[in-house]
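Written out below as structure tokens is the structure these notes cover.
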Amino acid sequence: MHILPRSFYQRDPLTVAPDLLGKILLHNLDGVILSGRIVETEAYLAFIDQASHSYNGKTARNSSLFGEAGHAYVHSIHKQNCIDIVTELVNIPSSILIRSLIPLKGIELMKTLRNKKDIKLLTNGPGKLCQALSISKDLDSIDVTKSSSELTILDDGFRINPAQIKRSKRVGLSKAKESKYRFFIA
DNA sequence: AGCTAGATCTACT
DNA sequence: GTAGATCTAGCTA
């Protein structure tokens, strides 16, 4: 069990996105652990990707995307929060959106936070998993590669069969819908 | 100060 | 599968 190093994120987002599948997103709330295994991601590219929030330049909202790889980008959309992890280099604003998890630790607390009993409904969407793991915009720009951070991404040695990784079009977009930048475990 | 679009969710059919 | 709810950042003036 170890934290993924910054070098993991300093690569092409289309490489990082499938590599993140099977890794663990963990939020440490003063010792109370909320965690889940990542089973669905989407890549958002720098400069050429019209669907990326960075496409129209840097603003107060998206400034995290222009920072160092391995930091989070938390933003709100339609009353929900979504979380990305920044990839590549400073001023190359690409990222990976975490779309879905399988709950691991803190499931009872997640049920309370989500006001749902069915485990399948706790973290099966980008807004839902932020609610279940108590991820708010307070965590925007947090470094997920430092053990002192309350939000980290871990590798516990779990490996998926590459044949189980599927690729498809991204979800919920109005622009650049056709690019197949979504990765998930079958 | 007002307008608009948006990387969603839920409930219902 | 589709409709409706609902909030915020960013832009214009």
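Just the heavy atoms: all of them, side chains too, but no hydrogens, waters or symmetry mates, feed the values below.
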Whole angstroms only, please: what is the CZ-P distance between A:R61 and B:dG6? 10 Å

Tell me the interatomic distance from A:K120, atom NZ, to B:dC9, atom P, rounded to whole angstroms. 18 Å

Within the structure shown, what part of the strands sits under 4.0 Å from A:R170 by heavy-atom distance: base, sugar-phosphate, or nothing? nothing

Nearest to the side chain of A:D84 - B:dT8, B:dA7, C:dC7? B:dA7

For the pair made of NE2 in A:H53 and P in C:dG10, what is the distance, rounded to whole Å? 10 Å

Classify A:K137 by what it touches in the nucleic acid, base, sugar-phosphate, or nothing, heavy-atom distance under 4.0 Å. sugar-phosphate

Rounded off to whole Å, could you give me the NE2-to-P distance for the A:H78 and B:dA7 pair? 8 Å

Think A:K128 has a side-chain N or O under 4.0 angstrom from the OP1 or OP2 of B:dT10? yes

Write down the distance between NZ (A:K116) and P (B:dT10), rounded to a whole number of angstrom. 5 Å

May I ask you to check if A:R6 and A:Y9 form a cation-pi contact, with NZ or CZ under 6.0 angstrom from the six-membered ring centre and within 45° of the axis? no

What contact category does A:N56 fall into here, base, sugar-phosphate, or nothing, at under 4.0 angstrom with non-hydrogen atoms? nothing

Provide the Watson-Crick or G-U wobble partner of B:dA7, both distances under 3.5 Å; none if there is no partner. none

N/O (side chain, A:R114) to phosphate O (OP1/OP2, B:dT10) under 4.0 Å: yes

Please give, in whole Å, the distance from B:dG6 C1' to A:Y55 OH? 17 Å

Between P of B:dA7 and CG of A:L97, the distance in whole Å: 10 Å

Rounded distance (Å) that lies between atom C1' of B:dA5 and atom NZ of A:K177: 14 Å

Proximity to the side chain of A:K175 - top-ranked nucleotide from B:dT8, B:dG6, C:dG10: B:dG6

So, do A:I185 and A:L21 sit near enough that their side-chain heavy atoms are less than 4.5 Å apart? yes

Close side-chain approach of A:L139 to A:H27, heavy-atom, < 4.5 Å: yes

Kindly indicate whether the side chain of A:I96, heavy atoms from C-beta on, has any atom under 4.5 Å from the side chain of A:F183. no

Can a side chain N or O of A:T59 be found less than 4.0 Å away from OP1 or OP2 on C:dG10? yes

Does a side-chain N or O from A:S76 land closer than 4.0 Å to OP1 or OP2 of C:dT8, or not? no

Mind checking whether A:Y181 and A:E42 have side chains closer than 4.5 Å, heavy atoms only? no

